[in-house]
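Worksheet for the structure shown next.
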Amino acid sequence: MYGHQDGNNSSLVGAIRRRSAPSLGSPPTPAPTTAHSPRSAPPGRSSRRKRKRAYVALWETKKLEEEEAKEKAAAVAVLAVQQPAVLCIQSCFRRWQQRGAILALLPLAHQKAKARALFLARWLARLTCPGSSESVAAARIQEALQRRCALVQLRRSEAAAVRIQMAFRRQNSRRACARLRQAAAARAWAREESKEARKGLGNGIWNEGQLAETIEAASRGCRGCGSAPGLDFVLDHKRGVGDGCLRFRCAGCSVSVDIKRSKNVDEPDRRGAPAGENTLRVINTAQWLGMGHKQLSTFLVGCNMPPVNQKTWALASSKAAAATEKSFEEMMAENLEEEKKMTLEKEGEAARGPSGKVHIRAMTDGSWQKRYGRNSLWGCGVMYGYYTGKPIAAESRCARCVTCMSATDRGVEVNEHKCTRTWTAGKSDGGSAGNMEKEIALSCVQNIYQKGVIVAVLICDGDTKTEGWIKERGPPEVAAVLTSMHDLNHISINLGKKVREIQGQGLTEGQCGALQRSFAAAVYQSREQSAAAEETEEAAATRMQKNIMAVPDHFYNKNNHEKCGDKCPAKSTNKEIFNAAHVPHATGKYLDPGQGDRYYNHVVSVFKTYSSPDIARKLTLACTTNTVECGNSLLWLFHLPKARFRPKTGERHLQDALLHKAMGNTAGLLAGAAGLGISQLSERNQAYALQMDEQSRR
């Protein structure tokens, strides 16, 4: 468009001197004067006064020419500053298109000092309007320059520029100035249009680095005309959450200038418009916080931002779930490998089976999303390593699929989709929600076995159905060695429930709680004594039974406290601490055994049930499922509220909870988002994230 560039801007002066006619440095050649003109040479017979007047006129003319030469040189220097305009003017003069060069000079005039603009206006009037009054033409062009419409009209519309140029070629200055006035009116209309477009704007999410980079590029000059006459706002192009751009228009050439809200995520296999970084980041974080589509849309509307589209949510949500699943699987593989190493360190080569696979201990427990007092439609289970306390396997089951239910209600065929219904058995087939736990435990054991590790000890809540189910349907190598150990917390809770069933028979709520706590204390005491004496498993189980059965005798003051240990003050053989007036501190008195020891016998029967040889043996291992309960609480309180049933994202929320528990809140969030391809946090936010995770650990 601008022709070829010959060297630097100084070549413009030489080109003008060689090719321009009339030259840029001098006005048009004046008409020859007559002998009586004051500017002609004085005749020999002229009087002295006439000669003096002639010399004065010549001196004034020379002085005026010198001043005009200085102004013209200054104007040339002004033109040399604008590189694209200089190339355009130079090319016009070389093609002998003098008026095209003049039109290119117009935008430069109104951007500079007033004196230079007035000079250019007078000079242009001489060149373009030689047949009309110079003062009138100069006034009209000066008016156009003051309205700053020449550049706008010439660059905004190519057709309008051609019409103005043709008007100048036909030496019709009046029509040309009318075109310039129309350009001024168009400029005012553009301002009103921009004002109306701004009314629809609200708040937004911005990548500040991207914003700063775009503004810097726009401030250096328009890519179309090379100048910076200003920008007019056109429209707000929104995409997703915090993506899209604000579109502006150059006031000089109408070239679009887009200020993007965020960067695009590089996805080589994606078709259509590229995914936005802000959309993926916001939707991934919203799901991490347990928000659904409606909750996020409500939040955005409350912040005066546009809500997210359902399809955009679904697409970004699926990408975020895939990235989280990848990070989750990597974490699970690392945790299982760490559990294997710690098992070998603690137990030595005895932990290896005949096939060379390591036998580990795992803690597990089921959890359900109970809604409104009904049976849960979604349940999950997690297995944690005994020595590391880290998750090594996790599964979930869902009894509903919204897509299938919708197709069934409409009486149409179900299209191919990712069905969320993974629990299809009915209650008559043993498929109640309570049976999800054993199915999930079996699936976790099989997954661990496929990775070359055998779950030999299963620490659970005392439910024997899980152990039997795995032995019946699990891998034969696992079923041959699998044993279960009971979690003390669940066993003591179950015992407390049985004791409270006979609460009306001489027992109050406080007394039932005292019996439950004493049962747990007896188990802890037995473990400590067996560990100190380095007893075998059978001896430790026998000691466990004795200590548990001593609890009802102590509270009911039976058998002279013979079953009590060495720390009982009511036992007569403990002479150093014996106290005949001693009563249990938890109740403040001995319990009423009832007529014929009826109440006492009921309590003894409950304690016998929970101190059988099998249960006593399973209580000898110092284990607890509190780690599992902690992860379940984190899931329901933070990532997946129980009041909201979400079959499509339940699996992802479970993975979020485990990443949260293993790494921390923000660390787990960033680990899950690592596969999305979005940029890292700023240094300030990274420091703040570490600080928040450190505070949560405390």
Side-chain angles (χ1 to χ4, degrees), residues 457 459-464 467 483-503 505-574 582-587 590-594 597-626:
V457 179
I459 302 170
C460 54
D461 57 1
D463 187 3
T464 57
E467 180 182 359
T483 60
S484 63
M485 305 298 287
H486 289 172
D487 170 45
L488 175 58
N489 185 35
H490 285 86
I491 295 296
S492 62
I493 290 175
N494 294 336
L495 180 139
K497 290 179 180 179
K498 295 294 184 181
V499 171
R500 286 176 176 82
E501 291 178 0
I502 57 176
Q503 181 175 339
Q505 302 182 18
L507 292 177
T508 63
E509 173 61 28
Q511 293 170 351
C512 293
L515 290 172
Q516 178 180 339
R517 291 191 297 272
S518 297
F519 170 82
V523 174
Y524 281 122
Q525 183 181 5
S526 299
R527 290 174 178 175
E528 293 176 357
Q529 293 173 352
S530 299
E534 297 181 356
E535 295 177 342
T536 61
E537 183 177 351
E538 295 298 328
T542 302
R543 182 189 291 274
M544 182 72 67
Q545 284 182 286
K546 178 182 177 181
N547 290 345
I548 291 175
M549 292 307 301
V551 174
D553 285 356
H554 178 79
F555 276 91
Y556 284 96
N557 196 18
K558 294 293 185 178
N559 303 322
N560 295 324
H561 300 269
E562 292 179 358
K563 297 181 180 180
C564 295
D566 298 336
K567 297 181 180 181
C568 178
K571 187 175 183 179
S572 58
T573 56
N574 298 333
H582 173 78
V583 294
H585 296 290
T587 58
Y590 288 110
L591 303 182
D592 180 16
D597 291 341
R598 182 162 59 97
Y599 300 158
Y600 166 74
N601 291 333
H602 285 319
V603 174
V604 169
S605 64
V606 173
F607 272 76
K608 281 185 177 180
T609 301
Y610 286 92
S611 63
S612 62
D614 184 48
I615 293 180
R617 180 186 60 82
K618 294 180 178 181
L619 286 174
T620 55
L621 181 64
C623 60
T624 178
T625 59
N626 288 342

Is a side-chain donor or acceptor of Asn557 paired with a backbone partner of Tyr590 at a separation under 3.5 angstrom?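 Answer holds: no.
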Let me confirm one number: the [atom1]-[atom2] distance from [X] to [Y], rounded to the nearest 0.5 Å.
X      : Y      : atom1 : atom2 : result
Ser492 : Leu515 : OG    : CG    : 12.5 Å
Lys618 : Cys460 : NZ    : SG    : 7.0 Å
Lys546 : Ser611 : NZ    : OG    : 13.5 Å
Glu501 : Lys497 : CD    : NZ    : 9.5 Å
Ile459 : His490 : CD1   : NE2   : 12.5 Å
Thr609 : Asn494 : OG1   : CG    : 11.5 Å

Does a side-chain heavy-atom distance below 4.5 Å link [X] with [Y]?
X      : Y      : value
Tyr524 : Leu488 : yes
Asp553 : His561 : no
Asp592 : Tyr599 : yes

Restricting to salt bridge (charged side-chain N to carboxylate O under 4.0 Å, His left out), what partner residues turn up for [X], sequence neighbours left out?
X      : value
Glu538 : none
Lys498 : none
Glu537 : Arg617
Lys558 : Asp597

Which pair of non-hydrogen atoms, one from [X] and one from [Y], has the smallest distance, and what is that distance?
X      : Y      : result
Ser530 : Arg543 : OG-CD, 3.6 Å
Asp566 : Asn574 : O-ND2, 3.2 Å
Arg500 : Cys512 : CG-CB, 3.9 Å
Met549 : Val604 : CE-CG1, 3.8 Å
Met485 : Leu621 : CE-CB, 3.3 Å
Gln516 : Gly496 : OE1-CA, 3.5 Å

For Ser526, which residues count as a side chain to side chain donor-acceptor pair (under 3.5 Å) partner, sequence neighbours excluded? Asn547
Going through the distances and angles, do Ile491 and Tyr610 end up as a side-chain contact (heavy atoms from CB on, under 4.5 Å)? CA-CA 8 Å; Ile491 295 296; Tyr610 286 92; 3.8 Å; yes
Can you list everything that forms a ring-ring contact (aromatic ring centres under 6.0 Å, His included) with Tyr600? Sequence neighbours excluded, please.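 Here the qualifying residues are Tyr556.
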Going by atom types only, do Gln511 and Thr587 share a side-chain donor-acceptor pair under 3.5 Å?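 Result is no, nothing qualifies.
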Ring-plane angle category for His582 and His554, please: parallel below 30°, perpendicular beyond 60°, tilted otherwise. tilted
